[in-house]
Structures are given as C-alpha cells and as structure tokens.
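What follows is a single structure, written as structure tokens, with notes after it.
Predicted model, so just to flag it, every value in this text is computed and none were measured. In listed order, ligands and their atoms are each counted from 1. Index from 1, following the sequence.
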Amino acid sequence: MSGAGSNLAALLDAAQRDDYPAEVVLVVSNRPTATALRIAADRGVACECLPVAEYGGDRHVRDLALRDRLRAAGVPLVVCAGYDRILDDAVLAAFPDAILNVHPSLLPAFAGGMHAVEEALQSGVKVSGCTVQFLEPGAPDGGTVILQAAVPVLDDDDAESLRRRIHEQEWRLLPEAVALWCQGRLRRAGRRVLVSPPAEQVATLRTGAR
Ligand code: GRF
C-alpha cells in the first residue's frame, strides 16, 4: 500500500473474526509516510517500507526486492490495497492469480489512473463504484474482475463525498474477495471469474438436506 490504509484497516478488522479464512502477515509500502504503515504497526503486524530511492531510483530493482520479500514471507496471496505504482511483470509472474487489487470505479471504466473518482464526476455518469480484480500483465487495471459494487453518483456529490461512499463499498468488497480466494471459491471462465457457493451450501445441495 501507499497511502491512508483504510482498506488495510478493513482487512485487519475482518481478519480478527474467528471465522475469517485469512491473516495479514506482512504489510509493505513504497512510501515511508504512508499512514498504512502506522496502522499495521499499531496492530502488531510486521511492516516494511521499500522506497524506490533505496534502490537507486530503479523501480524494476525495487520490485525484484519486493517480490523476494513477499516470497520470503511465504505469502500465498498479495493484496494491493491502495498501491499507487504499477507492479513489475516479475512480481505479477511470481504470484499468478494471486494478486488482488482494488480500484475506485466500475472497471473497465476510468481505468489506468489515480483519479477515477474525479473522472467519474467529470464524465457525468450516474453510477460509479469499485472493483476488486486480479492484477495481470498488460494494461493497467485491465485484470479480470472478481467483484464489483455500484455506487450512485448524486447530484450534489463532489469528489470527497463520492470517494467516501465508494470507500465504504471497498471496505466490504476487498475482505470478501480475499475470503473467497482463500476458500478456493473463485474460478476463471475466460474473462469471467465465477464465485462458487460456500462448501456447506454445496454439501446441503448434494444431500438435499435442509
Ligand atoms: C482506494 O480508493 C483504492 O480503490 C485505490 O486507492 C485507494 C486507497 O485507499 N486503489 P486507502 O489507502 O485504502 O484508504
């Protein structure tokens, strides 16, 4: 992550529930000033900062270090929760179908930038929202969509009010997508990601039990 860390906080809240199938073992930021780092530290989660300046300003070299750090931590899943840089293909290749990203628009609308909320307002759309997607090589924000939530654009919205309501949906959607991934309930069908029912529901359907 790179910034305020409200999505990280939502994930950490979710992970405190006994029935949540994931834990956050490492938080990495590219920015020393990211509030996300303090949120992680306050909650006792290991956190590290890998600013590009420490790698001679070379993003590729920094991203190789990031990949190696994530591998060393043994994480099966990486979550970009407000990461403001495009990850090097070397990172994407190291975690196929295992890097989730959250973006504040209904992708593919308003992809590829840091101003999706402002662009939605300027474009005059009546509905925007947020997307959790797999990060894949190719166009920025072009990965396969996992979950989306729509948020109406109100006549008196400004960027701050719309961002706030989109954020509220992100805080729900991102922990849900992480849980689905951890439960093995995401299945690709071409460009679509299909969500399987929970295991107990499958068992019920099979036995016909009520
Ligand atoms: C979120 O709106 C996310 O969609 C975008 O960056 C923002 C991060 O917010 N990629 P926060 O740092 O989690 O509060």
Side-chain angles (χ1 to χ4, degrees), residues 1-16 22 24 26-43 45 47-51 59 63 66 77-88 91-92 95 98-123 125 127-136 138-154 157-181 193:
M1 48 271 305
S2 309
S6 68
N7 279 288
L8 168 65
L11 263 179
L12 292 171
D13 286 347
Q16 280 190 333
V24 180
L26 176 65
V27 169
V28 183
S29 172
N30 57 332
R31 301 193 182 279
T33 53
T35 313
L37 283 172
R38 212 183 53 225
I39 292 173
D42 285 351
R43 304 238 198 155
V45 179
C47 53
E48 288 175 26
C49 190
L50 278 65
R59 276 197 208 154
D63 278 13
L66 171 63
L77 178 68
V78 178
V79 179
C80 290
Y83 188 66
D84 65 2
R85 286 287 173 260
I86 293 170
L87 282 176
D88 194 279
V91 183
L92 302 182
F95 296 93
I99 305 182
L100 307 188
N101 179 49
V102 59
H103 185 79
S105 75
L106 292 175
L107 291 171
F110 314 120
M114 298 300 297
H115 305 288
V117 176
E118 288 80 359
E119 287 171 26
L121 275 175
Q122 281 155 18
S123 74
V125 293
V127 177
S128 190
C130 54
T131 302
V132 180
Q133 60 174 175
F134 282 118
L135 275 195
E136 296 159 8
D141 299 323
T144 318
V145 171
I146 300 170
L147 294 175
Q148 291 186 306
V151 173
V153 179
L154 306 179
D157 262 337
D158 57 17
E160 194 186 330
S161 61
L162 181 56
R163 193 186 324 279
R164 170 82 198 173
R165 294 204 312 288
I166 290 176
H167 250 134
E168 286 169 1
Q169 294 305 312
E170 291 181 347
W171 301 334
R172 182 179 63 77
L173 221 59
L174 187 60
E176 186 184 342
V178 169
L180 291 171
W181 191 96
V193 173

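Remark: the backbone N or O of Leu107 is paired with a side-chain donor or acceptor of Gln148 at under 3.5 angstrom.
When the ring pair (Phe, Tyr, Trp, His ring centres under 6.0 Å) test is applied to Trp181, no partner is found at least two apart in sequence or on another chain. Remark: Pro140 engages Ile86 in a side chain to side chain contact (heavy atoms under 4.5 Å, CB included) (not counting sequence neighbours). Residues passing the side chain to side chain donor-acceptor pair (under 3.5 Å) test with Arg85: none are found, sequence neighbours excluded.
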Tabulation required: pairs of a nitrogen or oxygen in ligand 1 and a protein nitrogen or oxygen under 3.5 Å; columns are atom names and distance to 0.1 Å; otherwise 'none'.
| unit_1 | atom_1 | unit_2 | atom_2 | d |
| --- | --- | --- | --- | --- |
| ligand 1 | 2 (O) | Glu170 | OE1 | 3.0 |
| ligand 1 | 2 (O) | Glu170 | OE2 | 3.1 |
| ligand 1 | 4 (O) | Val102 | O | 3.3 |
| ligand 1 | 4 (O) | Pro104 | N | 3.4 |
| ligand 1 | 4 (O) | Glu170 | OE1 | 3.4 |
| ligand 1 | 4 (O) | Glu170 | OE2 | 2.5 |
| ligand 1 | 9 (O) | His167 | NE2 | 3.1 |
| ligand 1 | 10 (N) | Val102 | O | 2.9 |
| ligand 1 | 12 (O) | Ala4 | N | 3.3 |
| ligand 1 | 12 (O) | Gly5 | N | 2.8 |
| ligand 1 | 13 (O) | Ser6 | N | 3.3 |
| ligand 1 | 13 (O) | Asn7 | N | 2.8 |
| ligand 1 | 13 (O) | Asn7 | ND2 | 2.9 |
| ligand 1 | 14 (O) | Ser6 | N | 2.9 |
| ligand 1 | 14 (O) | Ser6 | OG | 2.5 |
| ligand 1 | 14 (O) | His167 | NE2 | 3.3 |

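For the atom pair Thr131 OG1 and Leu106 CG, the distance stands at 5.5 Å (nearest 0.5 Å).
Ion pairing between Asp158 and Arg164 fails under the 4.0 Å rule for side-chain N and carboxylate O.
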